[in-house]
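One structure below.
Quick note on labels: first sequence line is chain A, next is B, and so on, each numbered from 1. Note that the structure is predicted; figures quoted are calculated from it, not measured.
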Number of protein chains: 2
Amino acid sequence: MKNNKYMIVYNELAEQIKNGKLKPGIKLPSEHELSSEYHTSRETIRKALTLLSQNGFIQKIKGKGSVVLDVTKYDFPVSGLVSFKEISQRMNMEYKTHVEELELIVPDEYIRDQLDLSKKDKVWKVVRVREINKERIILDKDYFNKKFVPSLTKDICEDSIYNYLENELKVNISFAKKEIVVEEATDEDRQLMDLNDYEHIVVVRNYVYLKDTSLLEYTESRHRLDKFKFVDFARREK
Amino acid sequence: MKNNKYMIVYNELAEQIKNGKLKPGIKLPSEHELSSEYHTSRETIRKALTLLSQNGFIQKIKGKGSVVLDVTKYDFPVSGLVSFKEISQRMNMEYKTHVEELELIVPDEYIRDQLDLSKKDKVWKVVRVREINKERIILDKDYFNKKFVPSLTKDICEDSIYNYLENELKVNISFAKKEIVVEEATDEDRQLMDLNDYEHIVVVRNYVYLKDTSLLEYTESRHRLDKFKFVDFARREK
DNA sequence: TAGTGGTCTAGACCACAGA
DNA sequence: CTGTGGTCTAGACCACTAA
């Protein structure tokens, strides 16, 4: 967590909106008032409010003020990198992760291409099945560049790899590109998941970049289609 | 198009990146240099660069500079509200819109609920089929609150409703919530689209809000699953 | 008209990267 | 060490809203 002034303001206000101290519909104090409350400049307050509005907490209206939005309506986290653990905990469900595969491999051409690797680079391949309420409905296949992730264990994979990367290895994840398509289910899908009779599967491909723009990870998250849901905010900048 | 200084800087740089004058991998001039080039302050330049990085054009690296990313890789627009017309033009495809329905209705409960309406409010219902390369692959069902959109014509629907709303009616669209799920195809889907034998359909639900946080529009965009693709950037803020 | 958020400025100091 | 981007300030003027 960053300790900038604007992040402090952001976190305090976000917390109050999430726990209901600031209720949907009411107006926040004006930027002028907030800046004297927090003993900071108006631009710094504006940075915090801009973040809040980008993340769906408030709505800024010129000439009027900033209105608190109803965040309880939004059942999924505001877009971004979110791990399976976070989601299932937030949804309050019984969940379990099965690590099916965990090995250091020399990647095939497809993965080498996806991860922008040279021929001698090695990658960690992790295959995990996610079980929610007794059903195996998600198949996660992750490929990490060994250069950035020297070691991985089964324990880490069963918990949250993102936690490990960010808190232990201090890897600087900066942004990700996400792609959602529907494809025909493969034999592997049918083998590892409770696919019922669905012939198709929702594939979410994630490309995770580091601060220096190099590719850390390529991930395929394969979801049984009846259990898939994706929610996103889109801000209008123009 | 806004005429702020930072939007001018943003648009000029975005244009140069899109048309290849600024190639992927090279570094932009420093913020200091850009501010004297554009005769403006550094904060204004920073606003433009922040927008560029949020939209996937560049990557800012502390202590080093701003690197141009490869936008040609990203075949779909950066997240946000994007109209069908924009997409098909960008993809350079032959496209056509069939307006199947256009009427002022008293909405049923489902729509009333989605749009947060009272019992006497009326809505425009617009049903359009999108044909790309001779195949009818998208079914768009839009519901507009009549309060904000007093009139609609077939011509407008065949062009771009967003254009009409923003440029003619000057409606202030501020943000949207998007939801993607897969559902069983309905008889209507099969009737209006070239569905082949697909039993499922990708449904994108859009809730479009005005600046004063009231709901302008609820949209269902139903895509044949083999032609569906969604791409999104996720920035990491922490 | 008074108050709001939107834009913009000209500085300042900091943390980080690289020679 | 220099140069980069990140944060922050104290003002200014503008456009919009509502009384």
Side-chain angles (χ1 to χ4, degrees), chain A residues 1-11 13 26-54 57-69 170-175 209-214 235-238, chain B residues 1-11 13 25-54 57-69 170-175 210-214 235-238:
Chain A
M1 185 101 62
K2 281 199 280 189
N3 265 330
N4 313 322
K5 282 200 185 178
Y6 77 87
M7 280 312 281
I8 294 173
V9 176
Y10 169 81
N11 285 319
L13 292 175
I26 71 155
K27 278 219 285 275
L28 288 185
S30 74
E31 298 178 348
H32 185 72
E33 286 171 304
L34 285 173
S35 43
S36 47
E37 260 185 52
Y38 282 94
H39 304 288
T40 183
S41 73
R42 195 179 144 222
E43 281 292 352
T44 299
I45 293 294
R46 282 181 56 71
K47 218 162 169 177
L49 296 190
T50 299
L51 256 186
L52 285 168
S53 86
Q54 286 178 340
F57 287 103
I58 65 170
Q59 182 68 14
K60 308 179 86 182
I61 309 170
K62 192 198 284 196
K64 294 179 78 172
S66 296
V67 179
V68 176
L69 296 179
K170 310 276 186 210
V171 163
N172 276 313
I173 294 170
S174 72
F175 73 105
Y209 293 82
L210 298 177
K211 282 221 169 154
D212 64 358
T213 74
S214 54
R235 297 141 290 290
R236 185 68 156 171
E237 73 291 283
K238 209 182 176 175
Chain B
M1 185 99 68
K2 281 201 280 191
N3 266 330
N4 313 322
K5 282 199 184 177
Y6 76 87
M7 281 311 282
I8 293 173
V9 176
Y10 169 82
N11 285 319
L13 292 174
I26 72 155
K27 277 221 282 280
L28 287 186
S30 74
E31 297 178 349
H32 185 73
E33 286 171 302
L34 284 172
S35 44
S36 49
E37 259 184 53
Y38 281 95
H39 304 289
T40 183
S41 73
R42 193 179 145 221
E43 282 292 352
T44 300
I45 293 294
R46 282 182 55 72
K47 219 163 170 177
L49 295 191
T50 300
L51 255 185
L52 284 168
S53 86
Q54 286 177 339
F57 287 103
I58 65 170
Q59 182 70 9
K60 309 179 84 180
I61 308 169
K62 190 198 285 198
K64 295 179 78 172
S66 298
V67 179
V68 175
L69 297 178
K170 311 274 187 210
V171 163
N172 277 312
I173 294 171
S174 71
F175 73 105
L210 298 178
K211 283 221 170 156
D212 64 359
T213 75
S214 54
R235 296 143 291 290
R236 184 69 157 170
E237 71 294 279
K238 210 189 171 172

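Rounding to the nearest 0.5 Å places OG of A:Ser30 at 15.5 Å from NZ of A:Lys64. Atom CE of A:Met7 sits about 11.0 Å away from atom NZ of A:Lys47, to the nearest 0.5 Å. Note that OH of A:Tyr10 and CG of A:Leu52 are 6.0 Å apart. Values are rounded to the nearest 0.5 Å.
As rounded to whole Å, 12 Å separates atom P of D:dT9 from atom CD of B:Glu43. To the nearest angstrom, P of C:dT7 lies 13 Å from CD1 of B:Ile8. If you take NZ of B:Lys47 and C1' of C:dC8, they are 8 Å apart, rounded to a whole angstrom. Atom-to-atom, NE2 of A:His32 to C1' of C:dT4 comes out at 11 Å; the value is rounded to the nearest Å. Distance NZ (B:Lys27) to P (D:dG3): 14 Å, rounded to an integer number of Å. The nearest whole Å value for the distance from the CG atom in B:Asn4 to the P atom in D:dC16 is 11 Å. Computed from coordinates, the A:Arg46 CZ to C:dT4 C1' distance equals 11 Å when rounded to whole Å. B:Gln59 places its CD atom 13 Å from the P atom of D:dG5, with the value rounded to the nearest Å.
The phosphate of D:dG11 has neither OP1 nor OP2 within less than 4.0 Å of any side-chain N or O from A:Ser41. OP1 or OP2 of C:dT9 sits under 4.0 Å from a side-chain N or O of B:Thr44. Within the 4.0 Å cut-off from OP1 or OP2 of D:dG6, at least one side-chain nitrogen or oxygen of B:Lys60 is found. The phosphate of C:dT7 has OP1 or OP2 within less than 4.0 Å of a side-chain N or O from B:Tyr6. The phosphate of C:dC8 (OP1 or OP2) has no side-chain N or O of B:Thr40 nearer than 4.0 angstrom.
For the residue pair A:Ser53 and A:Thr50, no side-chain donor N or O sits within less than 3.5 Å of a side-chain acceptor on the partner.
Paired with A:Val9 under the rule side-chain contact (heavy atoms from CB on, under 4.5 Å), one option of A:Asn4, A:Thr44, A:Leu34, A:Ile45 passes, and it is A:Ile45.
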Between the protein and nucleotides 13-19 of chain C, list the N/O to N/O atom pairs that are separated by less than 3.5 angstrom.
{"from": "C:dG18", "atom 1": "OP1", "to": "B:Lys64", "atom 2": "NZ", "distance (Å)": "3.1"}

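Ion pairing between a basic and an acidic side chain is recognised when a charged N comes within 4.0 Å of a carboxylate O; B:Lys60 and B:Glu31 show such pairing.
With a 4.5 Å cut-off on side-chain heavy atoms, B:Leu13 and B:Leu49 count as touching.
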